[in-house]
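To start, the structure itself, in structure tokens.
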Amino acid sequence: MSKSLPKRSENYSEWYNEIVKRADLAENSAVRGCMVIKPYGYAIWEKMQRALDDMFKATGHVNAYFPLFVPKSFLEKEEEHAEGFAKECAVVTHYRLKAGPDGKGLVVDPNAKLEEELIIRPTSETVIWNTYKNWIQSWRDLPLLINQWCNIVRWEMRTRLFLRTTEFLWQEGHTAHATEQEAVEETERMLGVYATFAEEWIALPVIKGVKSPNERFAGAVETYCIEGLMQDGKALQCGTSHFLGQNFSKSFDVQFVNKENQLEYPWATSWGVSTRLMGALIMAHSDDQGLVLPPRLAPIQVVIVPIYKTPEDLAKISEKANPIFEELKAAGISVKYDDDDKQRSGWKFAEYELRGVPIRLGLGLRDLENGTVEIARRDNLTKESRPIDGVVEHIKALLDEIQANIYERALKFREDNTFRVDSWDEFQAQIERGGFISAHWDGTAETEEKIKDATKATIRCIPLAGPDENGKCVYSGAPSSRRVIFARAY
RNA sequence: CGGGACGUAGCGCAGUCUGGUAGCGCGUUCGCUUGGGGUGCGAGAGGUCGCAAGUUCAAAUCUUGUCGUCCCGACCA
């Protein structure tokens, strides 16, 4: 394994893959398109899960779990939904194997064919709404606010660690409401939760918006999304929140009696974020030295590395390091004291940088004499010596500063790479250089399709915040009242 | 399913055109050395060259077949 990473600016894909691999986040498994998330990567995912779960609970949701298998007949019930997912489903057709004809290996037992095929869930609207039929009778049962954490399978042609794998981990919220307005509010509320999570935890600024009809979730009336800009100028959809109208309640014949004693179909939402957020995290902040983690998601926030020659020196350093370690721990900071003798300190410096640890404390004999400690920041790679006294308070503040700093840096990057474009020539030139393009669109699927064919750019979203502004479609010249965000996307 | 590559040590690769002793880097093992940014030196272990058949005195190398993997496109959180 070579010692230096590929340069981010030279080969972004290779750089990304190397970081995933070298920072020990994940690897490809023997199973096609599937990923092994390694302990360090999973620790980050767990932190994301916990933060999100707290936010879901705070907005009144509870967790539950529904089956992995979806009977084919369920999937068929909502027509658009069925059509949208049909092409990427893994299907279970048998329930038994038997010894091969030559006595070796195993073959599928043809006598064990299932009467009805089972689909491995690509998403759970259908199983869940089939269940909700039994749970919803009266207006008193609403709203129903449920989330599940699970794995799902979508048989994609082309996979990429964290960004697109055949099996992935996610959460999916599925809610039912008595009124349309309440459901729309829920859809927007959860989009807001995602945006807050992206910005305050991942330190990634995102644009909130709605999808064009072309990009809408199969079976949704409206799809809201958050879109982030990665360092190579490509967009990444980081989360979606769907207003499902009454499509699923009607398809699954779920009705409730309202306060006026009349039967009504409830209004639905669903929303999800996945391990793709790990990809967003990596691509948003990391550099040629490796991963850069926002402190709030770092499994190790501070690492203490002793610098010494002899075991006696190490003992002396440990005497100073241990109280700092304990004090940091007591302050609720995740800290590691790496006195492992198997690696040299220089090696450790590089290793913890590769793994994105936000703060490194170096402690050597020189520091013991001076009563100081060396503090190295991962976000800007600066180092300074400080007195040991008061270092814990300083680190607490510094963690917040780093969190804020990488957000600001990502925000500046996005602002520097968002372009208002008003002509087709300019559009074609700019798309090659990457970034978000804010341009007028005539609102037709036809134009959207032509732009995609010509430039590979898609409409990432119609920003919620975007002001009304009269203009002409950048492609067709037809009138438009709103700018939308175009980009090439992952 | 269309287009293009590749299967040689744990990992990454050279060698194949022009057949002739199985190589390199990283990792790993041992010893010394070094220690405020991936130390340096030395020694060692590790491969029926994807599989099968053929040509040949001789095949990693040529021929045919076969299996597998990856990349680009369509699909997509």
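By convention in this document, chain letters (A, B, ...) are assigned in the order of the sequence lines, proteins followed by strands, and residues within each chain are numbered from 1.
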Could you give the distance separating [M] and [N] at their [atom1] atoms, to the nearest angstrom?
{"N": "C67(B)", "M": "C30(B)", "atom1": "C1'", "value": "41 Å"}
{"N": "A58(B)", "M": "A53(B)", "atom1": "P", "value": "15 Å"}
{"N": "U61(B)", "M": "G3(B)", "atom1": "P", "value": "27 Å"}
{"N": "G25(B)", "M": "U33(B)", "atom1": "P", "value": "25 Å"}
{"N": "U8(B)", "M": "U69(B)", "atom1": "C1'", "value": "15 Å"}
{"N": "U56(B)", "M": "U63(B)", "atom1": "P", "value": "16 Å"}
{"N": "A77(B)", "M": "A60(B)", "atom1": "P", "value": "50 Å"}
{"N": "G15(B)", "M": "A74(B)", "atom1": "P", "value": "33 Å"}

Could you tabulate the donor-acceptor pairs under 3.5 Å formed by side-chain atoms of residues 217-225 of chain A, not counting sequence neighbours?
{"residue": "Thr223(A)", "atom": "OG1", "partner": "Phe217(A)", "partner atom": "N", "Å": "2.9"}
{"residue": "Thr223(A)", "atom": "OG1", "partner": "His242(A)", "partner atom": "ND1", "Å": "2.9"}
{"residue": "Tyr224(A)", "atom": "OH", "partner": "Glu188(A)", "partner atom": "OE2", "Å": "2.9"}

Length of the line joining [X]:[atom1] and [N]:[atom2], which is rounded to integer Å:
{"X": "Arg22(A)", "N": "G12(B)", "atom1": "CZ", "atom2": "P", "answer": "14 Å"}
{"X": "Asp340(A)", "N": "G38(B)", "atom1": "CG", "atom2": "P", "answer": "18 Å"}
{"X": "Glu14(A)", "N": "G12(B)", "atom1": "CD", "atom2": "C1'", "answer": "11 Å"}
{"X": "Leu161(A)", "N": "C70(B)", "atom1": "CG", "atom2": "C1'", "answer": "14 Å"}
{"X": "Glu449(A)", "N": "A74(B)", "atom1": "CD", "atom2": "C1'", "answer": "12 Å"}
{"X": "Asp313(A)", "N": "G36(B)", "atom1": "CG", "atom2": "P", "answer": "12 Å"}
{"X": "Tyr352(A)", "N": "G38(B)", "atom1": "OH", "atom2": "P", "answer": "17 Å"}
{"X": "Glu27(A)", "N": "C11(B)", "atom1": "CD", "atom2": "P", "answer": "12 Å"}

Residue matched to [N] through Watson-Crick or wobble contacts both under 3.5 angstrom:
{"N": "U28(B)", "answer": "G44(B)"}
{"N": "C49(B)", "answer": "none"}
{"N": "C6(B)", "answer": "G68(B)"}

Exercise. Would you call Arg366(A) and Glu369(A) a salt bridge, using N to O less than 4.0 angstrom?
Worked result: no
For this session: Using a strict 4.0 Å threshold on nitrogen-to-oxygen distance, state whether Lys316(A) and Glu312(A) make a salt bridge.
Result: no
For this session: Taking the six-membered ring for Trp and the full ring for Phe, Tyr or His, determine whether the centres of Phe427(A) and Phe486(A) are under 6.0 Å apart.
Result: yes
What does [X] touch in the nucleic acid at a heavy-atom separation under 4.0 angstrom: a base, only the sugar-phosphate, or nothing?
{"X": "Thr159(A)", "value": "nothing"}
{"X": "Arg160(A)", "value": "nothing"}
{"X": "Leu236(A)", "value": "nothing"}
{"X": "Leu163(A)", "value": "base"}
{"X": "Gln237(A)", "value": "sugar-phosphate"}

Nearest to the [X] side chain among [options], which nucleotide is it?
{"X": "Ala350(A)", "options": "G37(B), A77(B), C75(B)", "answer": "G37(B)"}
{"X": "Phe349(A)", "options": "A77(B), G37(B), G38(B)", "answer": "G37(B)"}
{"X": "Lys452(A)", "options": "G38(B), C75(B), A77(B)", "answer": "C75(B)"}
{"X": "Lys87(A)", "options": "A77(B), G38(B), C75(B)", "answer": "C75(B)"}

Exercise. Under 3.5 Å, is there a donor-acceptor pair between the Thr187(A) and Thr269(A) side chains?
Worked result: no
Exercise. By a strict heavy-atom criterion of less than 4.0 Å, which residues belonging to residues 362-385 of chain A are in contact with RNA chain B?
Worked result: Gly362(A), Gly364(A), Leu365(A), Arg366(A), Asp367(A), Glu374(A), Lys383(A)
Exercise. What do you reckon, do Phe168(A) and the base of A77(B) stack, with centroid distance below 5.5 Å and planes below 30°?
Worked result: yes
Exercise. Would Arg360(A) count as a cation-pi partner of Phe349(A), with NZ or CZ less than 6.0 Å from the six-membered ring centre and within 45° of the ring normal?
Worked result: yes
Exercise. Do the side chains of Trp149(A) and Phe56(A) get nearer than 4.5 Å, heavy atoms only?
Worked result: yes
For this session: Might you confirm whether atom NZ of Lys320(A) has over 12 heavy atoms from other residues, nucleotides or ligands at distances under 6.0 Å?
Result: no
Seminar exercise, completed: In B/S/- notation (B base, S sugar-phosphate only, - none; protein heavy atoms under 4.0 Å), nucleotides 30-35 of chain B written 5' to 3' is ----BB
Exercise. For the residue pair Phe252(A) and Phe74(A), does the interplanar ring angle fall in the parallel (under 30°), tilted (30 to 60°) or perpendicular (over 60°) class?
Worked result: perpendicular
Ignoring hydrogens and angles, write down the donor-acceptor pairs under 3.5 Å from the side chains of residues 273-286 of chain A, residues two or more places apart or on other chains.
{"residue": "Ser274(A)", "atom": "OG", "partner": "Arg276(A)", "partner atom": "N", "Å": "3.0"}
{"residue": "Thr275(A)", "atom": "OG1", "partner": "Leu169(A)", "partner atom": "O", "Å": "3.3"}
{"residue": "Arg276(A)", "atom": "NE", "partner": "Leu163(A)", "partner atom": "O", "Å": "3.1"}
{"residue": "Arg276(A)", "atom": "NH1", "partner": "Gln237(A)", "partner atom": "O", "Å": "3.3"}
{"residue": "Arg276(A)", "atom": "NH2", "partner": "Leu163(A)", "partner atom": "O", "Å": "3.3"}
{"residue": "His285(A)", "atom": "NE2", "partner": "Ile202(A)", "partner atom": "O", "Å": "2.7"}
{"residue": "His285(A)", "atom": "NE2", "partner": "Ala203(A)", "partner atom": "O", "Å": "3.4"}
{"residue": "Ser286(A)", "atom": "OG", "partner": "Ile282(A)", "partner atom": "O", "Å": "2.9"}
{"residue": "Ser286(A)", "atom": "OG", "partner": "Val292(A)", "partner atom": "N", "Å": "3.2"}

Problem set entry | By side-chain hydrogen bond (donor to acceptor under 3.5 Å, both in side chains) - contacts of Gln428(A) (at least two apart) | Trp424(A)
For this session: Between Lys456(A) and Ser274(A), just flag the one whose closest nucleotide in RNA chain B comes earlier from the 5' side.
Result: Lys456(A)
For this session: Any side-chain hydrogen bond (donor to acceptor under 3.5 Å, both in side chains) involving residues 75-92 of chain A? Give me the pairs, sequence neighbours left out, ordered by first then second residue.
Result: Lys72(A)-Glu76(A)
